Amino acid sequence: MPELGARPARRGWRWLLLIPILAPLPVGLYNRLEPQLWGIPFFYWYQVGCAVLAMAVTTFVHRMTRAGR
Amino acid sequence: MTVTARQVEIGVFAALLGAMLLLGFSAARWRRPHSLHSLEEWGVGGRAFGNWVTWFLLGGSMYTAYTYIAVPALVYGVGAAGFFAVPFAIITAPLAYLISTRTWSVSHAHGFVTSAEFTRARFGSRGLAALVAVTGIVATMPYIAVQLVALQAIMKTLGITGEWPLTVAVIVASACTFRSGLRAPALLSIAKDVLLLWLVLAIVLLVAMSGGWSAAFRGAGERFTNDVSPASGLLLPEGGWVGYLTLVLGSALAIFAYPHALTGILAARDRATVQRNAAALPVYCLALGLVAMLGFFAIGQGVRPVGGDLNTVVPQLFHEVFPAWCAGIAYAAVGVAALIPAAVMSIAAANLFTRSIYREYLRPGASPREEARVSRWVSLLAKFGALIFILLLDPQFSIEFQLIGGVIVLQTVPAVVLGLWTNWFHRWALAAGLLGGLGTGLLLLYLIPQRAPDGRILKAHFGGSNLPLSQLGFDTRSAVYTGLIALAVNLIIVVAATLLLRALRVPAGIDATRPADYFADATTAAPRHSDALLDGPTRPRVGAHAAR
């Protein structure tokens, strides 16, 4: 049943998922206090911000890979 | 007679918890299946949960009460290092998009309810499957126990002492699971999130009214500069990023090996449901980030833990800063957040036993009805085992065992996660790697002492999950998550042993899965398992999803 695993061209969009997976990993880069947001040090709001990034990118990938159906 | 604030808190807490459990009892009738007497229905909710129910259930089973209690407690104690739970939770979502969709498809095509069954089919070895199942059960049991520890911390703060309140809560919750299976925690998760949303709004308002985050972080910063510990602070200490990063990566991989996380995924209706949930799950990370930062807020407010038990920091904060009725709601939210994952975990452990041990070794011809019956009783056993564990032993033990559990479950990653992409590994190599990884992990954990902030050794063994590299002879203050070291050893053994066994022409297992199985969807799959035939793709949509 070749149609089951098909759409290889569209599945290329999944590489974008690397962005939210890698974003919270360079700990040395975001381990700092400034700039602050609402009094929250960068270290904390950057990581919480990564959650928003993950939602945006994953939703985008889902839409692009399902568009052909 | 005047009513004290405490009595209001206890009243609201008990009333809400009672209402929740009643809801759990009626869950058996919710979107009623023709019969609850099969593992497909009892154990994975008939694989019929849509986007919303799956989202609530996954949120309820992965973001546990222990998380909401222990993460801020850790942040309260050490600062930045305790925040690792947030990036860990974030990266699991895009990873789930890649990993869990494959797991869902192959499980749907073959009627698996656990990952051990997948291992059996993929690598053709029931011995390996039993080993994976036992590892999963051993790792899950202490995880159930720490949920009860979280519930106990709330009761302790409320001044409810003795063993009977916890026992009653566990008996009632177990009865819910026994009767309704996965439908009970699913329905409870929805109700819990209403309370959780209320809690989040209350926290945001509270922080805004008490000087905002800058005041909280300023207060916390002062305390961390003045305390003696070099490891605590608003930022990670020099070299601290290694331990932080490896803990994030190790915990994220472990989630895909934990049996209870899989149960929620398998209950999803189709592939798109799993994918949409991967996109929507980070919403919970926002709540987790907020709750984690409560640790700093608690420092700023001068909250002191009850009896020196850090786990009471959050409940104590609620008591000191919320009005009594609002604190009662908060306690109920965390209390239900303890009972939901405990239920899902006991179901997952029971399914592992039934499918990979009972049906394989004890009663090969077990009917679906018999499987469901065995799972029900084993789920009871799992919960009461955990209860007895924490009542008889120091709760500290269950926290240590949970730490060990993460390292243990990580060792099934080669078979359960990497196996989704390749069947190259030899079955006996996987078994050897698993055992080698377990041995390495336990040995390293045994070697880690617990140190007081000033460097004194409090406890010689099992003092944490990060191994100081100085202990291996490196001249550094960095530490590495033990689970990842053990997994590396595990993988080296798996690859070396596979090459060796192939060279010796030891027969490998037969792979019962086909490449197309990993992309199977609810509408395209050709189910081969008898259970899947019963309630598979032709099943009409009912209840909440009929309108879709």
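What you see is a predicted model, and the numbers here were worked out from it, not measured in a lab. Within every chain, numbering begins at 1; the chains are lettered A, B, ... in the order of the sequence lines, protein sequences first and strands thereafter.
- Considering only heavy-atom pairs separated by less than 4.5 Å from chain B, the leading option among A/P41, A/A56, A/A54, A/C50 is A/P41.
- Counting heavy-atom pairs under 4.5 Å between each of A/F42, A/W38, A/Y44 and chain B puts A/Y44 at the top.
- The candidate with the highest count of non-hydrogen atom pairs below 4.5 Å against chain A, out of B/T92, B/V242, B/V248, B/L95, is B/L95.
- B/W55 contributes a side-chain N or O that, together with a main-chain N or O of B/A280, makes up a donor-acceptor pair within less than 3.5 Å.
- Heavy atoms of B/V283 lying under 4.5 Å from chain A belong to its backbone as well as its side chain.
- Using a 4.5 Å cut-off between heavy atoms, B/A272 contacts chain A through both its backbone and its side chain.
- Under 3.5 Å, the side chains of B/Y97 and A/T65 contain a donor-acceptor pair of N or O atoms.
- At a 4.5 Å heavy-atom cutoff, the contact between B/F296 and chain A is made by side-chain atoms alone.
- Each of B/V86, B/I91, B/I90, B/L288 has some count of heavy-atom pairs under 4.5 Å with chain A, and the biggest count is that of B/I90.
- A distance of 11.0 Å separates CH2 of B/W241 from CG of A/L25, quoted to the nearest 0.5 Å.
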(message) Show, in sequence, the C-alpha distance, side-chain angles and deciding distance for A/F60 and A/W13, and conclude whether the ring pair (Phe, Tyr, Trp, His ring centres under 6.0 Å) test is met.
(response) CA-CA 9 Å; A/F60 179 75; A/W13 285 107; 5.5 Å; yes
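- With chain A as the partner, the residue from B/P94, B/A252, B/A93, B/A292 showing the most heavy-atom pairs under 4.5 Å is B/P94.
- Contacts between B/L249 and chain A at a heavy-atom distance below 4.5 Å involve the side chain alone, from C-beta outward.
- Residue B/L58 holds its CG atom at 5.5 Å from CG of B/N277, rounded to the nearest 0.5 Å.
- The backbone N or O of B/G419 sits less than 3.5 Å from a side-chain atom of B/R122, completing a donor-acceptor pair.
- When heavy atoms are compared at a cutoff of 4.5 Å, B/A80 approaches chain A by way of both its backbone and its side chain.
- Both the backbone and the side chain of A/V61 come within contact range of chain B, judged by heavy atoms closer than 4.5 Å.
- Of the listed residues (A/T58, A/N31, A/I21), the one with the most heavy-atom contacts under 4.5 Å to chain B is A/N31.
- Contacts between A/Y30 and chain B at a heavy-atom distance below 4.5 Å involve the side chain alone, from C-beta outward.
- Counted by atom type alone, B/D193 and B/Y63 present zero donor-acceptor pairs between their side chains at under 3.5 Å.
- Distance alone, capped at 3.5 Å, is enough to place a donor-acceptor pair between the B/T246 side chain and the B/Y481 backbone.
- Of the residues considered (B/P282, B/A278, B/A215), B/P282 shows the highest number of contacts with chain A, using heavy-atom pairs under 4.5 Å.
- Between B/W104 and B/H108, the ring planes are parallel. Angles under 30° get that label, and only those over 60° would be called perpendicular.
- Relative ring orientation between A/F43 and B/Y244 is described as tilted, the plane-to-plane angle lying within the 30° to 60° band.
- The candidate with the highest count of non-hydrogen atom pairs below 4.5 Å against chain B, out of A/V27, A/L18, A/V57, is A/V27.
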